[in-house]
Amino acid sequence: MLDLRPTLGLLPFLAAGMLPAQDASMELVRNGGFESVDKKVTTYDQLRNATGWTNGTLGLSEVFSEDASAKTVGIPVNDYGIMKPFEGQAYAGFFGWKDDVRRSYDSSDPEEVFVPGWNSYSEYIQGELVQPLVEGQTYELSFQVALSGNSDRSILGIGAFFGRTARNYQHRKFMEEVPQLYIDKPLKEKSVWTEFKETFVADGGETVIVIGVFPYVGLESERLIEGTDNQYAYYYLDAVSLKRVEATPSED
């Protein structure tokens, strides 16, 4: 007689396929507070030290730690300002926008201190999800974001993109992905944690979250000081969370 019972190795796949949705209490972002590190954080560009996180491009983001120097990525004092974690003992940070310019030592005009460099620069923080998202299910994303105290600019377009595969772009430019969620105005207040919370419906199979600035939303840059500025907008990030929620019935 032909044995039609599934083998033990196929059981997890069959079970997963029969599940209608994830448990609503399950946290789907791994290490959303950047507390767990595989290696001690000591200086800039060490986002990869945080368990489950990496960079979406060649632009290297930061983890901030009490173990690091105030001259680099210390807490609460660091190179980008003064900021305590929203929760726990750590947080991450990224350049939303930086004009890659160089100083012009030949200029006598204070408004022409800088001349254009090779490109505008942006960084993207990429995290792995605990489980792939389920098609048609509604999810709520929340995170805390703050414009750093030393930023002289703010920029529109901070958002989150969910994809089926990790991004590994070999450049430091803006991504062209269309984010599922985004903040619709630039943050102007410095050194203050601001909560972002919004829902979306998954296409299904998304395994990564990418947080950064997306030109699809718009690239309106706003100068926050008078005169010559440092031409960057740097953001702190903490408490990233994603959970399934019940869809809200639509109104007729």
Side-chain angles (χ1 to χ4, degrees), residues 29 32-34 47 55-57 59 61-62 64 78 80-87 91-101 119-127 138-163 167 172-202 206 208-243 245 248 250-251:
V29 172
F34 307 94
L47 175 67
N55 301 283
T57 69
S61 301
E62 282 75 42
F64 291 79
N78 52 70
Y80 304 104
I82 301 175
M83 198 71 186
K84 293 182 179 180
F86 175 78
E87 62 182 20
Y91 53 81
F94 64 97
F95 275 107
W97 174 79
K98 180 181 180 182
D99 195 3
D100 184 24
V101 297
N119 216 329
S120 292
Y121 174 88
S122 192
E123 296 174 349
Y124 294 85
I125 293 181
Q126 181 170 248
T138 301
Y139 295 87
E140 181 178 78
L141 171 69
S142 65
F143 57 77
Q144 296 288 332
V145 62
L147 180 65
S148 73
N150 292 344
S151 294
D152 289 344
R153 296 283 183 102
S154 183
I155 190 168
L156 180 68
I158 294 177
F161 168 77
F162 292 87
R167 269 49 189 169
R172 298 174 177 83
K173 301 181 293 184
F174 292 105
M175 282 189 185
E176 297 182 0
E177 277 76 359
V178 178
Q180 285 88 344
L181 305 168
Y182 57 87
I183 301 174
D184 61 3
K185 58 185 178 181
L187 300 177
K188 298 181 182 179
E189 191 172 8
K190 299 180 182 182
S191 304
V192 175
W193 289 114
T194 299
E195 182 182 44
F196 174 80
K197 182 182 289 187
E198 192 57 78
T199 61
F200 72 103
V201 177
E206 295 91 339
V208 296
I209 177 175
V210 182
I211 297 175
V213 170
F214 295 89
Y216 172 83
V217 181
L219 281 177
E220 176 187 340
S221 172
E222 190 161 337
R223 183 182 295 186
L224 302 178
I225 67 169
E226 295 294 331
T228 303
D229 65 87
N230 60 20
Q231 302 192 44
Y232 76 69
Y234 191 91
Y235 296 91
Y236 301 124
L237 179 69
D238 202 359
V240 184
S241 175
L242 180 70
K243 293 184 178 181
V245 295
T248 302
S250 59
E251 297 181 0

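What you see below is based on every heavy atom in this structure, not just the backbone, and it leaves out hydrogens, waters and symmetry mates. In what follows, residues are counted from 1 in the order of the sequence shown.
- At least one side-chain heavy atom of L47 sits less than 4.5 Å from a side-chain heavy atom of F34.
- Between the side chain of Q126 and the main chain of R167, a donor-acceptor pair closer than 3.5 Å is present.
- Checked against the 6.0 Å centroid threshold, Y232 and F95 count as a close aromatic pair.
- Here the side chain of E177 pairs no donor or acceptor atom with the backbone of F161 at under 3.5 angstrom.
- Residues that satisfy the salt bridge (charged side-chain N to carboxylate O under 4.0 Å, His left out) test with E195, not counting sequence neighbours, are K197.
- Rounding to the nearest 0.5 angstrom, the gap separating the CG atom in N78 from the CE atom in M83 is 10.0 Å.
- Proximity of the aromatic rings of F214 and Y182 is defined here by a centroid distance below 6.0 angstrom, and this criterion is not met.
- Taking the side chain as every heavy atom from C-beta outward, I211 and V145 never approach each other to under 4.5 Å.
- F200 CZ: more than 12 foreign heavy atoms inside a 6.0 Å radius.
- For S122 (side chain) and G96 (main-chain N/O), a donor-acceptor pair under 3.5 Å exists by modelled atom type.
- For the atom pair CG of L181 and CD of E140, the computed distance is 10.0 Å after rounding to the nearest 0.5 Å.
- Between K173 and T57, the closest side-chain pair of non-hydrogen atoms is not below 4.5 Å.
- One distance of note links CD1 of I158 with CG of L187; it measures 5.0 Å at 0.5 Å rounding.
- Ring-plane geometry between Y80 and Y234 is classed as parallel, the angle between the planes falling under 30 degrees on a 0 to 90 degree scale with a further cut at 60.
- A donor-acceptor pair is defined here as one N or O able to donate and one able to accept, closer than 3.5 Å; such a pair exists between the side chain of N55 and the backbone of S61.
- Within the structure, every pair that satisfies the side-chain hydrogen bond (donor to acceptor under 3.5 Å, both in side chains) test and touches residues 148-162, not counting sequence neighbours, is listed here: S148-S151, D152-N230, R153-S221, R153-D229, S154-Y235.
- Atom-to-atom distance recorded for Y236:OH and Y91:OH is 5.0 Å, nearest 0.5 angstrom.
- Using a 4.5 Å cut-off on side-chain heavy atoms (C-beta onward), V213 and W97 make no contact.
- Atom-to-atom distance recorded for L237:CG and F86:CZ is 12.0 Å, nearest 0.5 angstrom.
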